[in-house]
Amino acid sequence: MRGIILYHSKYGATCRYAQMLAQQTGFVCRPVKETQGADLAPFDTVVFGGGIYASGIGGLPQLKKLLPQLQGKRLFLFCVGASPYDKETFQQLREHNLQGELAQAPLFYCRGAWNEEAMTFTDRTLCRLLQRSLAKRDPATYEPWQAALMEGAGKGACDWSDPAYLVPLLAALEDPSRP
């Protein structure tokens with residue numbers, strides 16, 4: 001099996017997962033924005049990873065441009081977010097981001113990192129505004145992503161990255177019955 005891992009990483013956690021996956025599979029690893037359709041010809045398996053930003057999966061627009069070259073290839077997706085896994089939130093994320101040709105693609109979740117110091121001014125400001133708004137509410141009413149946002153408040157950096165999050169994806173890659 002020849003494979004390639006394409007990724008979009010704004011703050012580094014998705015890149016770290018892509019590199020971990022490349023080490024474990026021997027697949028080529030590169031940013032999706034540096035990939036042309038012709039680059040995919042030698043591969044029968046394509047893995048895409050993107051960070052979650054405001055309920056969107058980063059890099060999906062670039063991946064969608066490559067869809068014609070993905071015909072007949074095995075496609076797997078993973079996303080990386082700062083929140084702990086929550087089944088309902090994950091399903092909403094899937095429905096929001098994966099429509100059309102991507103609707104049936106297997107999607108996996110990896111918990112990433114939070115680093116206020118690495119954030120752009122705009123991202124940091126938006127997060128702080130949201131944290132101030134949430135601070136007025138009862139923490140028992142927080143959605144999982146809101147609890148994670150508040151957990152990271154003022155801590156500077158938190159990293160929940162763990163190779164164990166890749167185990168389900170690795171199992172799917174090894175399963176020859178998965179398209």
*asked:* side-chain contact (heavy atoms from CB on, under 4.5 Å), that's the test. Do Ile4 and Arg30 meet it? Break it down for me.
replied: CA-CA 8 Å; Ile4 185 168; Arg30 74 167 55 127; 3.8 Å; yes

[X] [atom1] to [Y] [atom2] distance, which is reported to the nearest 0.5 Å:
{"X": "Lys65", "Y": "Leu60", "atom1": "NZ", "atom2": "CG", "answer": "12.5 Å"}
{"X": "Gln69", "Y": "Thr35", "atom1": "CD", "atom2": "OG1", "answer": "11.0 Å"}
{"X": "Leu93", "Y": "Cys79", "atom1": "CG", "atom2": "SG", "answer": "5.0 Å"}
{"X": "Leu67", "Y": "Lys64", "atom1": "CG", "atom2": "NZ", "answer": "8.0 Å"}
{"X": "Thr89", "Y": "Arg94", "atom1": "OG1", "atom2": "CZ", "answer": "15.0 Å"}

Would you say [X]'s side chain and [Y]'s backbone share a donor-acceptor pair under 3.5 angstrom?
{"X": "Asp162", "Y": "Tyr165", "result": "no"}
{"X": "Asp39", "Y": "Gln36", "result": "yes"}
{"X": "Asp123", "Y": "Met119", "result": "no"}
{"X": "Asn97", "Y": "Gly58", "result": "no"}
{"X": "Gln146", "Y": "Glu143", "result": "yes"}
{"X": "Arg137", "Y": "Thr141", "result": "yes"}
{"X": "Asp44", "Y": "Arg2", "result": "yes"}

*Quick one: do Phe48 and Ile57 satisfy side-chain contact (heavy atoms from CB on, under 4.5 Å)? Show the steps, please.*
CA-CA 10 Å; Phe48 169 79; Ile57 300 174; 4.1 Å; yes

Check [X] against [Y] and note the closest heavy-atom contact, atom names and distance.
{"X": "Phe78", "Y": "Thr14", "result": "CE1-CG2, 4.1 Å"}
{"X": "Ala22", "Y": "Ile5", "result": "N-CD1, 3.4 Å"}
{"X": "Leu75", "Y": "Pro106", "result": "O-CD, 3.3 Å"}
{"X": "Tyr7", "Y": "Cys29", "result": "CE2-SG, 3.6 Å"}
{"X": "Ser83", "Y": "Arg111", "result": "C-NE, 3.4 Å"}
{"X": "Ala82", "Y": "Ala113", "result": "CB-O, 3.7 Å"}

*asked:* Applying salt bridge (Lys or Arg N to Asp or Glu O under 4.0 Å) to Asp159 and Arg16, what does each step give before you reach the verdict?
replied: CA-CA 11 Å; Asp159 190 350; Arg16 284 193 304 278; 3.4 Å; yes

*Return yes if a side-chain donor-acceptor contact under 3.5 Å exists between Gln91 and Glu95, otherwise no.*
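There is such a pair between these side chains.
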
*Assess the side chains of Gln62 and Glu34: does a donor N or O sit below 3.5 Å from an acceptor N or O?*
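Absent: no donor and acceptor within the cut-off.
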
*Test Leu21 against Leu170 for side-chain contact (heavy atoms from CB on, under 4.5 Å), laying out the working first.*
CA-CA 8 Å; Leu21 191 59; Leu170 287 165; 3.5 Å; yes

*Would one find more than 12 heavy atoms of other residues, nucleotides or ligands at under 6.0 Å from atom NZ of Lys33?*
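No, because the 6.0 Å sphere around NZ of Lys33 holds 12 heavy atoms or fewer from other groups.
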
*asked:* Is it true that, when you exclude Gln104 itself, more than 12 heavy atoms of the residues, nucleotides or ligands shown sit nearer than 6.0 Å to its CD?
replied: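 Count not over threshold, so no.
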
Would you say [X] and [Y] make side-chain contact, with heavy atoms under 4.5 Å?
{"X": "Tyr142", "Y": "Leu134", "result": "yes"}
{"X": "Leu6", "Y": "Pro31", "result": "no"}
{"X": "Thr125", "Y": "Leu129", "result": "yes"}
{"X": "Leu166", "Y": "Met20", "result": "yes"}
{"X": "Leu98", "Y": "Leu77", "result": "yes"}

*asked:* Given the ring of Tyr53, does Lys10 sit roughly above its face, with NZ or CZ under 6.0 Å from the centre of the six-membered ring and within 45° of the axis?
replied: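 Flagged: Lys10 positioned over aromatic ring of Tyr53.
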
*Would you say Leu126 and Tyr11 are hydrophobically clustered, going by side-chain heavy atoms of ILVMFWY under 4.5 Å?*
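Leu126 does not cluster with Tyr11.
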
*Hphob cluster co-occupancy, Tyr109 + Val167, side-chain heavy atoms under 4.5 angstrom*: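 No, it is not one cluster - the side chains of Tyr109 and Val167 are not joined through contacts under 4.5 Å.
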
*Phe90 and Tyr85: aromatic ring centres closer than 6.0 Å?*
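For Phe90 and Tyr85, the ring centres are under 6.0 Å apart.
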
_Glu101 vs Gln71, side-chain contact (heavy atoms from CB on, under 4.5 Å): CA-CA, chis, key distance, verdict_ = CA-CA 10 Å; Glu101 294 178 67; Gln71 298 300 316; 3.0 Å; yes

